[in-house]
Q: 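Before we start, here is the structure in question, set down as structure tokens.
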Amino acid sequence: MSKFKQCIYTVILLLTCLVASPYIYKQIWKDSELVTPKAAAKEPSAAAPAAETTTTASQESTTEAQPTSEGETTAPATQEQPAEPTTSPVNWVQSGPEYFDDALFIGDSRTVGISNYGTLKNADYFCDIGLSAYKIDNSYVNGKTIWEFLSGKKYGKIYVMLGINEVGNDFEYTVAAYRKLVDGIRQAQPDALIYLQGNLHVTTAGQTQYITNERIDILNSRIQELADNKKTFYICVNGVFDDENGALTADYASDGVHVLAKYYATWCDWLCQNTVAPAAPAATEAAKTETTEASTYTSEPAVTTRPQNESFSNQ
């Protein structure tokens, strides 16, 4: 009886499987069809970043390919672009003494030395012992003020070296007076090249409580900020006369402040080596080639060979 029941149950189970299997297969097939569209629906969202990346790359490529004219930038119009940097390159050219025939030198006792002992005899000089940026408006040289000098003749170059008499005072006050002078020169002589000369160092022994080479360097750096390297330039002769400690070499000076008379010629030679040619009308190719061959161009001011150590005289 038991085996008979088992057979009956087995037959019933088989019949059940045969009857139910079509429905099971149908349901499985239907479920697979439902799942496939969902997977397919997700594909566009995965591809979207790639399309965005392609667009961005295309935009970047387009931006890089767009040419710009000189001085034009691709920055947004809302951003203010800085002007030309004051450190733009300068082509320093070697010139002869004739370069200074239309030059005016403005300065204190150091410039008096250039006038008296230097080799640039055709230049004009507005200089005096103790002259400073503070009192230059009310100072007279040969019966004229600086503004009478500037209004009475057209100059091609104007050299300014002031500061040794002001270096012990407040820097902001001094630079303000210096800037006022430079602005006045530019207004009076708009076409001239202005050379701002750094102040000559003093010897180590020549330093005082208020006049030190450290303070001279600070003032010189502030004066240099006034140069735009377009029509106003900064030059400094200290590299010619300094010792290994950055002070005026003691053997080159008798009083610790001024170089000996014979070394103003060296100073003038250095000035000739560090000039900027004034703007001129376009020249022919032959003239350009001749000018280039005759001149030596550098990106930095030249340094004249230091004077040889001799037995010095201030005569």
Side-chain angles (χ1 to χ4, degrees), residues 97 99-169 174-175 177-186 188-189 192-202 206 211 216 219-220 223 226-227 232-238 240-241 248 252-272 274-275 314-315:
Y99 179 86
F100 300 88
D101 289 352
D102 62 348
L104 171 65
F105 284 81
I106 301 172
D108 47 43
S109 56
R110 271 92 172 262
T111 304
V112 172
I114 294 176
S115 174
N116 291 341
Y117 306 113
T119 57
L120 308 177
K121 298 302 184 182
N122 290 334
D124 289 345
Y125 292 87
F126 187 92
C127 53
D128 197 9
I129 297 172
L131 187 64
S132 70
Y134 307 146
K135 60 181 182 181
I136 192 170
D137 287 344
N138 300 316
S139 297
Y140 289 82
V141 173
N142 297 330
K144 296 181 181 179
T145 67
I146 182 58
W147 308 116
E148 289 173 326
F149 264 79
L150 292 172
S151 63
K153 179 178 178 180
K154 181 178 177 63
Y155 290 102
K157 307 98 186 177
I158 299 174
Y159 287 76
V160 182
M161 185 172 65
L162 293 169
I164 191 62
N165 297 308
E166 301 96 307
V167 71
N169 298 322
T174 300
V175 172
Y178 208 107
R179 182 183 291 106
K180 177 184 175 183
L181 172 62
V182 173
D183 290 344
I185 294 172
R186 174 58 63 212
Q189 297 279 339
L193 300 177
I194 300 176
Y195 292 84
L196 307 178
Q197 295 193 77
N199 287 278
L200 189 69
H201 286 148
V202 297
I211 301 177
I216 290 174
L219 180 57
N220 283 349
I223 292 172
L226 302 179
T232 305
F233 306 91
Y234 175 81
I235 57 176
C236 186
V237 74
N238 279 323
V240 176
F241 298 115
L248 176 60
Y252 298 163
S254 61
D255 60 359
V257 178
H258 305 86
V259 296
L260 297 171
K262 63 193 305 181
Y263 293 116
Y264 283 103
T266 302
W267 194 332
C268 290
D269 288 344
W270 180 86
L271 288 171
C272 288
N274 296 279
T275 62
N314 208 23
Q315 301 300 320

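As the structure is a prediction and not an experimental result, all values here were calculated from the model. Any value given below was found using the heavy atoms of this structure, including those in side chains, with hydrogens, waters and symmetry copies removed.
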Q: With no hydrogens and no angle check, just 3.5 Å: does a side-chain donor-acceptor pair link Asn274 and Tyr195?
A: no
Q: To the closest 0.5 Å, what do you measure between OH (Tyr159) and CZ (Phe233)?
A: 10.0 Å
Q: Please test Phe126 against Leu150 for side chain to side chain contact (heavy atoms under 4.5 Å, CB included), starting from the C-alpha separation and ending with a verdict.
A: CA-CA 10 Å; Phe126 187 92; Leu150 292 172; over 6 Å; no
Q: Are side-chain heavy atoms of Val257 and Arg110 found at a separation under 4.5 Å?
A: yes
Q: Go through the steps for Asp137 and Lys180 under the test side chain to side chain contact (heavy atoms under 4.5 Å, CB included), then give the verdict.
A: CA-CA 10 Å; Asp137 287 344; Lys180 177 184 175 183; 3.7 Å; yes
Q: To the nearest 0.5 Å, how far apart are CG in Asn199 and CG in Leu219?
A: 5.5 Å
Q: Mind running side chain to side chain contact (heavy atoms under 4.5 Å, CB included) on His258 and Val112 for me, showing each step along the way?
A: CA-CA 10 Å; His258 305 86; Val112 172; over 6 Å; no
Q: First locate atom CG of Asn116, then atom OH of Tyr125, and finally report the distance between them rounded to the nearest 0.5 Å.
A: 9.0 Å
Q: Can you tell me if Lys144 has over 12 outside heavy atoms packed within less than 6.0 Å of its NZ?
A: no
Q: We want to know whether Thr174 and Tyr134 form a side-chain donor-acceptor pair, criterion being a heavy-atom distance below 3.5 angstrom.
A: yes
Q: Rounded to the nearest 0.5 Å, what's the gap from CZ on Phe149 to CG on Asn142? Could you check?
A: 5.0 Å
Q: With a 4.5 Å cut-off on side-chain heavy atoms, are Tyr264 and Ser115 touching?
A: no
Q: Would you check if Leu120 and Cys272 make a side-chain contact, meaning some heavy-atom pair closer than 4.5 Å?
A: yes
Q: Look up atom CD1 in Ile114 and atom CH2 in Trp267, then write down how far apart they are to the nearest 0.5 Å.
A: 4.5 Å
Q: Going by heavy atoms in the side chains, are Val237 and Thr266 under 4.5 Å from each other?
A: no
Q: Does a side-chain heavy-atom distance below 4.5 Å link Ile185 with Val160?
A: yes
Q: Mind checking the CZ-OG1 spacing from Phe105 to Thr111? Nearest 0.5 Å is all I need.
A: 8.0 Å
Q: Can you confirm whether Leu162 sits close enough to Leu181 that some side-chain heavy atom of one is under 4.5 Å from a side-chain heavy atom of the other?
A: yes
Q: Under a 4.5 Å cut-off applied to non-hydrogen side-chain atoms, are Asp108 and Ile129 in contact?
A: no
